[in-house]
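Notes to accompany the following structure.
In what follows, chains carry the letters A, B, and so on, assigned in the order in which the sequence lines appear, proteins first and then strands, with residues in each chain numbered from 1. Note that these values count all heavy atoms, side chains included, but never hydrogens, waters or copies made by symmetry.
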Amino acid sequence: MAGAIRVEVEGHGPVEVPAGATFRDVLAGAALPAAADVLAVATADGRTLDLSAAATAAGAARVRFVTFDDEAGLDVFRHSSAHLMAQAVTGLFPNAKPTIGPVVEEGFYYDFGADPFTPEDLERIEARMAEIVTQDLAVERIELTRDEALGLFADNPFKVEMIRDLPEGSISAYRQGGFIDLCRGPHVPRTGVLRAFKLTKVAGAYWRADARNAQLQRIYGISFPDAARLADHLRRLEEARERDHRRIGQEMELFSFHDEGQGFPFWHPKGMVLRNAVVEYWREAHRRYGYQEIQTPIILNEALWHTSGHWDHYRRNMYFTSIDDVPHAVKPMNCPGGLLVYKNRLHSYREFPLKVAELGLVHRHELSGVLHGLFRVRAFTQDDAHIFCTPEQVRAVVEETIGFMFEIYGTFGFRDVAVELSTRPLVGTIGSDENWANAEAGLEGALRAKAVEFKLNPGDGAFYGPKIDFHIRDCMGRSWQCGTIQVDFSMPDRFRATYEAEDGTRKVPVMIHRAMLGSLERFIGILIEHHAGRFPLWLNPTGVKVLPVADKFADYARHVAATLAAAGIRAEADLRNEKLGRKVRDAQLAHVNYQLVVGGREAEAGTVAVRTRAGEDKGALPLAEVVARLKEEIAGKE
RNA sequence: GCUGCUAUAGCUCAGCCGGUAGAGCACCUCCUUGGUAAGGAGGAGGUCGUGGGUUCGAUUCCCGCUAGCAGCUCCA
């Protein structure tokens, strides 16, 4: 075939098409089973092109056809969705000036120079978008000179500004029906494939993300090739809303926030029961691992923070006060206090590794706009620990800590843990080359010894030492950084902390900072959302409710509740003047693990009728047996 | 911090064009004494976030403040 082109199609093989053919022809020649789903083409050199592009395009000798399920295809799909929205918006609001409309992690957005949109406007825009999809307009690429582009977008100052910044010869636009948008592309071939979409929110934004520039109106949306996937996505969003720990915290009376203390959580009795259950387990585990526990003051002389370096590096996040006219600061971290405890007497290498834990309440000034329930607060309790050891002990200490970390996460039901190792930054570090090499080798060696898979972040360590971070994944697939192990060459030196070594000389110990849950408050927020308030028995503030079927069995119900409480089981009797059905319903909504129904038969036989949170009716069981089984379940932290 | 939206009973919310407020749930009392997801009746409960302005009169309109919510890397 004269002038034929040969294109290697991934997953298919070579396809020959005549000169001047487009990828659409290549696709037809390849006869792929999912040809109708193909949105664009990805070249071997990493570019994505339109199906209408010439098959001779640079780097296109090897290509892959991409669909929505392909990352490149997803981007094209969402970007075309943004154009679809812009077409609808400009159709309904002729004065709206489209600016930019990129793809983001959760869908896409488009910023318009326009008056604010109302929720009703969004509905109209969605309806117009649906019409355009039905019309199944062809999406065409148009190459433009700068002058042509300036002429075409003369009425849109934002586009004009963008065109001025673009190099001549690489300016393009896309047309679908009567709508033309300046765009690099690529795009889906026809509007008809953009079947399922939802405009999710409106927000203010600035031109070029600069608050000094014009205020724009941003509309966010999400789109899918079919309604089922959109419905699935919306259902997941709804589920996340239902799991919102702020809502559950209010409903289950765990904690509250008040105007009088922005970003400062108030713990209620039920929340304290949950929190204490976490802390009791934490203490028990730390005792097992040979930790000692200390507590250091919240307010300390400002001079300490000069010594520690926080005044230089962290001042803008700290709160200051004065006592008898002497400047003091509220602690944002626990280590300086911990070092004062360490320095209170001479230490010997024989005590090492010295593991000192502190549930330390720290205060940090966070910007008001970033506060978010328990996830981002201004006062929180770090489950901190400082481990003092010799350089030789680093690896063993880290190895033990990694094992401890996984044990703790596993107990709370987090088995998917991602680990990252961050090493020495290129510039601005303190500590000797030898120290860094030893510490990095210790951290990495420990990870390998524990056969932990990890991601290496070269140069991402702190200026004072390398670190390992731990991210737990919750049941919604969200990742949370909680744990950290950081080697610190700075602090012991600044505080002139020493120990007496085997050879009788005074040496500076290695200090390892370590947190597992991170912030107790935030971790409890994560727990709430992970479990959607349906806590395991050992954590649930109200694990058991005793439900008498009528008032006359209140005494027996009280007896049952008291028996459970005496055995360390958190139980309440529902003695309200309500019917059983109502009590069952309320107990269910309160996420109680077990409902124990008691009436004449049970009172007579000394039994309780057990109903589980899953709605299972276990029938009447002897009270003593139930107590034993629940105690076992609590002990096992199931 | 910035932008937008919001602020009415303990909670969730309604309240038109300006004439000092309403529902459901929760709470209290009474009736009902019931066997596995809401029994009935009655009652109490609000300085309409806060400070100003406009007005004869402001929960309502305007401005400031405070707080809450969302967004604030994403470059045609």
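Across the P atoms, B:G40 and B:U33 are found 15 Å apart, a figure rounded to whole Å. Taking the C1' atom of each, B:C69 and B:G49 are spaced 15 Å apart, rounded to whole Å. To the nearest whole angstrom, the two C1' atoms, one in B:A21 and one in B:C13, are 14 Å apart. One P atom belongs to B:C17, the other to B:C62, and the distance between them is 12 Å to the nearest Å. Distance check on atom C1': B:U59 versus B:G22 gives 13 Å, rounded to whole Å. On the P atoms, B:C61 is 26 Å away from B:G24, given to the nearest whole Å. Across B:U66 and B:U54, the matching C1' atoms stand 23 Å from one another, rounded to whole Å. On the P atoms, B:U20 is 38 Å away from B:G39, given to the nearest whole Å.
Contact annotation for A:T99: backbone-only contact, meaning every heavy-atom pair under 4.0 Å involves sugar-phosphate atoms and none involves a base. At a threshold of 4.0 angstrom between heavy atoms, the contacts of A:Q588 include nucleobase atoms, whether or not backbone atoms are also involved. A:E602 comes within contact range of at least one nucleobase, with a heavy-atom separation under 4.0 Å. Using a 4.0 Å heavy-atom distance criterion, A:A609 is classed as a base contact. No engagement by A:D586 is indicated, since no non-hydrogen atom pair under 4.0 Å with the nucleic acid exists. Using a 4.0 Å heavy-atom distance criterion, A:L547 is classed as making no nucleic acid contact. Across all strands, A:K159 comes closer than 4.0 Å only to sugar-phosphate atoms, never to a base (heavy-atom distances). When heavy atoms are screened at a 4.0 angstrom cut-off, A:G600 is found touching base atoms of the nucleic acid. Nucleic acid contact for A:Q250: sugar-phosphate only, since backbone atoms but no base atoms lie under 4.0 Å from a heavy atom of the residue. Across all strands shown, A:L580 has heavy atoms under 4.0 Å from base atoms, whether or not it also approaches the sugar-phosphate.
Counting distance only, with no hydrogens placed and no angle test, the side-chain atoms of A:D617 and the base atoms of B:G35 include no donor-acceptor pair under 3.5 Å.
A salt bridge links A:D586 to A:R576: at least one charged side-chain nitrogen sits closer than 4.0 Å to a carboxylate oxygen.
For the pair A:K552 (side chain) and A:G600 (backbone), a donor-acceptor distance under 3.5 Å is absent. No donor-acceptor distance shorter than 3.5 angstrom exists from the side chain of A:R611 to the backbone of A:V597, with no hydrogens or angles considered. Proximity of a side-chain donor or acceptor of A:T191 to a complementary backbone N or O of A:L137 within less than 3.5 Å is detected. Under the 3.5 Å distance criterion, the side-chain polar atoms of A:R570 are matched with a main-chain donor or acceptor of A:N540. Without hydrogens or angle criteria, A:E529 side chain to A:H245 main chain gives a donor-acceptor distance under 3.5 Å.
Regarding A:L575, its CG atom lies at a distance of 19 Å from the P atom of B:U33, rounded to whole Å. Atom CG in A:L367 sits roughly 13 Å away from atom P in B:G68 (whole-Å rounding). Between A:H268 atom NE2 and B:G10 atom C1' the separation is 12 Å, expressed in whole Å. Between A:L374 atom CG and B:C69 atom P there is a gap of 11 Å when expressed in whole angstrom units. Atom OH of A:Y110 and atom P of B:C75 are 14 Å apart (whole Å). Separating the OH atom of A:Y220 from the P atom of B:C5 is a distance of 16 Å, rounded to the nearest angstrom. Per the geometry, CZ belonging to A:F553 stands 15 Å off C1' belonging to B:U36, to the nearest Å. Distance A:K579 NZ to B:A37 C1': 14 Å, rounded to the nearest Å.
Distances shown here put a side-chain N or O of A:Q262 below 4.0 Å from the OP1 or OP2 atom of B:G68. Here A:R218 does not reach the OP1 or OP2 of B:C72: none of its side-chain N or O atoms lies under 4.0 Å away. For A:H372 and B:A70, the shortest distance from a side-chain N or O to OP1 or OP2 is below 4.0 Å. For the OP1/OP2 pair of B:A70 and a distance below 4.0 Å, the side-chain nitrogens and oxygens of A:R246 include at least one atom meeting the criterion.
A donor-acceptor contact under 3.5 angstrom links the side chains of A:T381 and A:R275, judged on distance only.
Mapping A:F257 and A:V549 onto RNA chain B by nearest heavy atom places A:V549 at the nucleotide closer to the 5' end. Summary of the strand contacts: A:G263 and A:G369 both lie near RNA chain B, and taking for each the nucleotide with the nearest heavy atom, the more 5' one is attributed to A:G369.
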Going through the distances and angles, do A:L547 and A:L580 end up as a side chain to side chain contact (heavy atoms under 4.5 Å, CB included)? CA-CA 7 Å; A:L547 313 180; A:L580 180 61; 3.9 Å; yes

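Pairing of B:C56, defined by two Watson-Crick or G-U wobble distances under 3.5 Å, is identified with B:G19. In this structure, B:G49 forms a base pair with B:C65, meeting either the Watson-Crick or the G-U wobble geometry with both donor-acceptor distances under 3.5 Å. In this structure, B:U29 forms a base pair with B:A41, meeting either the Watson-Crick or the G-U wobble geometry with both donor-acceptor distances under 3.5 Å. Checking B:G71 for Watson-Crick or G-U wobble geometry (two distances, each under 3.5 Å) identifies B:C2 as its partner. The base-pairing partner of B:U36, taking Watson-Crick or G-U wobble contacts with both distances under 3.5 Å, does not exist among the strands shown.
In textbook terms, a nucleotide whose glycosidic angle is within 90° of 0 is syn, while B:C63, being further out, is anti.
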